[in-house]
Amino acid sequence: MRSVLGTPHGRRFSHAPAPPPARRNTEAARLAREQALLEQMRDHPWVAHRLTHGELPAWMRATPTRVEFPEVPARPRPGTRRRRRLRVPVPAPVLDTLGYALAVAAGALAHHLGTLLGHLT
């Protein structure tokens, strides 16, 4: 482990050697392989279109170039900055007391409405 970490950065791991020049695909071998693959995929609609009409011309395969516009720095508009609201921190016991009072008031209101509706029926 120490010997691997101590080696220079580009030499830490061995790389697979490149294939010998005789094994590299030539243009004829590449075209033969492509034709064999196209024959296998004859049922695919795009491949069938290519086999009947030929390969697309270069101008149809080319990707359009993007138009580059100069970068314009954004100016801040006057008056768009919002003022921060001052938030007053409320202690937790105060919030608990307010929540309890609200729950008691809602319960009392529900009780009175229930008894009122009970007398009406």
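- E27 meets the side-chain hydrogen bond (donor to acceptor under 3.5 Å, both in side chains) test with R30; sequence neighbours excluded.
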Requested in this report: For the pair R50 and E39, evaluate salt bridge (Lys or Arg N to Asp or Glu O under 4.0 Å) and give the outcome as yes or no after the intermediate values.
Outcome: CA-CA 11 Å; R50 180 177 171 185; E39 282 297 323; over 6 Å; no
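- L37 has its side chain within reach of Q40: a pair of non-hydrogen atoms, C-beta onward, lies under 4.5 Å apart.
- Remark: T52 OG1 to R42 CZ distance equals 9.5 Å, nearest 0.5 Å.
- Here the rule is side-chain contact (heavy atoms from CB on, under 4.5 Å) with V94, and of D96, L98, T97 only L98 fits it.
- Between H49 and H53, the ring planes are tilted. Angles from 30° to 60° get that label.
- Here the NE2 atom belonging to H111 is positioned 11.0 Å from the CG atom belonging to L116, to the nearest 0.5 angstrom.
- Under the side-chain hydrogen bond (donor to acceptor under 3.5 Å, both in side chains) criterion, R87 pairs with no residue, sequence neighbours left out.
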